[in-house]
Each structure stands twice: as structure tokens, then as C-alpha cells.
Amino acid sequence: MKKMKAKTLVYTAMMAALIAVATLFIHIPIFMQSGYCNLGDAFILASGALIGPWAAAAAAVGSALADLLLGYMVYVPATAVIKGAMGWIAGVLCKNQKTLWKRIFLMALAECLMVGGYFLFESALYGAAAAAGSVIGNVSQGVMGLAVGCVLWPLMEKMKKMIP
């Protein structure tokens with residue numbers, strides 16, 4: 001990656017904060033399991049439009065911070081890696097797509113990575129049978145994140161053009 005400019009640093013910190021806030025305060029508990037659905041994924045995906053590859057850092061820091069503050073300590077390292085990878089897909093692969101459908105496909109791929117990543121992590125911790133129970137909740141979160149992220153993406157692009 002290129003050397004980070006001050007403006008990019010500010011945007012990255014702002015997106016990390018937005019991701020953390022969307023995860024902390026805009027979440028829906030899943031009663032089938034101990035987790036929750038949140039809108040953090042939507043801001044991870046949309047951050048790619050604003051900060052490009054730095055979306056990986058914003059996603060890793062914002063999501064891990066939210067897990068830490070919500071008391072999901074065991075998930076913090078996995079969340080940093082999984083959500084950071086989602087941010088990378090959004091900031092590098094999605095950012096370079098001019099076709100809406102290709103961008104949506106790549107955003108869906110990022111959400112599939114989230115579902116698979118948490119399944120593998122939880123399988124290592126609790127076993128595959130227990131981890132399978134979280135798949136429905138993670139898929140629900142992924143669908144919600146994809147839908148809202150597709151709405152936020154063009155807004156972030158407009159915002160980037162308006163700010164010098």
C-alpha cells in the first residue's frame with residue numbers, strides 16, 4: 001500500500017468508529033444463539049468506496065473493538081482477521097469494479113468469507129456441530145450487511161467527491 005496521507009488516516013479512523021458504533025448500537029440479538037446481527041458489515045462494505053484498501057484496517061479495528069466492548073473477548077482476534085479480510089475485498093476488489101453486479105457479487109463473496117470464517121473459528125473452539133448453529137445468524141447478518149452496504153456504497157462515493 002502507498003504511504004497514508006493525513007486525510008486517509010482521518011477517514012480510516014472515522015470508518016473504524018462508524019463500524020464500531022454500527023456494531024455496538026445497531027444490533028439485533030439472535031435468540032437461537034448467543035450472538036447478534038449488526039449493521040457493522042454494511043459500513044465495512046461501504047468503507048471500500050471511501051478509503052479503498054485502508055477499509056481492511058478500519059474493519060479490523062472497528063469490529064474487534066466492538067467485540068471487545070460487548071464482552072466477546074474470545075472473538076476479538078478472529079473478528080479482526082475476518083472483518084479485515086472483508087474490508088480488503090471491499091476496498092481493493094469492489095472498488096475497482098464499475099459494474100454494479102460485479103460489485104454486489106464481490107460484496108456477497110465478502111459476506112460468505114465472514115460466514116465461513118466464523119464457522120471455522122467456532123468449529124475449532126466448540127466443534128462443528130455447535131458452530132453449525134451460528135451459520136443461520138451469520139447468513140442473516142451477511143444478507144442484511146449486503147443489502148444496506150449496497151445502499152451506502154453510492155452515498156460514500158458521493159461523499160468522497162464532495163469532500164476536498
Side-chain angles (χ1 to χ4, degrees), residues 1-28 35-70 72 75-119 121 135 137-164:
M1 282 193 241
K2 295 180 189 176
K3 188 175 176 183
M4 183 184 265
K5 296 179 182 177
K7 183 168 90 171
T8 306
L9 177 63
V10 170
Y11 286 164
T12 303
M14 178 188 74
M15 288 311 301
L18 279 172
I19 291 165
V21 167
T23 304
L24 285 165
F25 298 111
I26 310 171
H27 67 273
I28 303 155
Y36 56 91
C37 282
N38 63 70
L39 287 182
D41 284 9
F43 285 94
I44 290 171
L45 296 175
S47 69
L50 184 64
I51 55 177
W54 294 102
V61 171
S63 298
L65 180 62
D67 273 359
L68 183 70
L69 293 172
L70 286 169
Y72 293 97
Y75 285 90
V76 171
T79 293
V81 171
I82 293 165
K83 301 294 182 159
M86 286 179 65
W88 183 85
I89 289 172
V92 174
L93 301 180
C94 292
K95 178 109 174 129
N96 295 327
Q97 295 302 319
K98 301 300 178 203
T99 308
L100 176 65
W101 294 110
K102 287 181 183 177
R103 188 178 302 135
I104 290 171
F105 172 77
L106 290 168
M107 287 178 168
L109 182 68
E111 293 294 356
C112 288
L113 178 111
M114 181 268 296
V115 173
Y118 279 119
F119 176 78
F121 178 71
V135 170
N138 285 333
V139 167
S140 299
Q141 177 173 312
V143 168
M144 186 170 56
L146 177 63
V148 177
C150 286
V151 172
L152 289 176
W153 186 280
L155 298 173
M156 289 292 186
E157 285 181 327
K158 282 184 181 180
M159 186 175 98
K160 186 171 185 174
K161 289 176 185 174
M162 291 172 27
I163 299 172

- Nearest-0.5 Å distance that lies between atom CZ in Phe43 and atom CD1 in Ile26: 5.5 Å
- For Ser140 and Cys37, work out which heavy atoms get closest and say how close. CB-SG, 3.9 Å
- Quick check: does any side chain N or O of Ser47 sit under 3.5 Å from a backbone N or O of Ile44, one acting as donor and the other as acceptor? yes
- Task: List the steps and the verdict of side-chain contact (heavy atoms from CB on, under 4.5 Å) for Asn38 and Phe25.
- Result: CA-CA 8 Å; Asn38 63 70; Phe25 298 111; over 6 Å; no
- Item | Exercise: identify the closest heavy-atom pair between Ala66 and Ala20 | CB-O, 4.0 Å
- Query: Can you find a pair of side-chain heavy atoms, one from Glu111 and one from Leu45, that are under 4.5 Å apart?
  - Reply: yes
- Item | Pairs flagged by salt bridge (charged side-chain N to carboxylate O under 4.0 Å, His left out) wherever residues 37-52 is involved - sequence neighbours left out | Asp41-Lys83
- Query: Stepwise, does the side-chain contact (heavy atoms from CB on, under 4.5 Å) test hold for Tyr118 with Val135?
  - Reply: CA-CA 8 Å; Tyr118 279 119; Val135 170; over 6 Å; no
- Just how far is it from atom CG of Leu9 to atom CH2 of Trp54, taken to the nearest 0.5 Å? 8.5 Å
- Task: List the atom of Leu68, the atom of Val76, and the distance in Å for their closest heavy-atom pair.
- Result: N-CG2, 3.7 Å
- Item | Exercise: identify the closest heavy-atom pair between Gly87 and Ala55 | O-CB, 3.4 Å
Which pairs would a plain distance check flag for residues 100-110, meaning a side-chain donor or acceptor within less than 3.5 Å of a matching protein atom at least two apart in sequence or in another chain?
{"unit_1": "Arg103", "atom_1": "NH2", "unit_2": "Gln97", "atom_2": "O", "d": "2.7"}

- Give the minimum heavy-atom separation between Ser63 and Ile19, together with the two atoms involved. OG-CG2, 3.5 Å
- Item | Closest contact, heavy atoms only, Val148 versus Leu39 | CG2-CD2, 3.9 Å
Throw together a table of side-chain donor-acceptor distances under 3.5 angstrom for residues 151-164, partners on residues two or more places apart or in other chains.
{"unit_1": "Trp153", "atom_1": "NE1", "unit_2": "Glu157", "atom_2": "OE2", "d": "3.0"}
{"unit_1": "Lys160", "atom_1": "NZ", "unit_2": "Leu50", "atom_2": "O", "d": "3.2"}

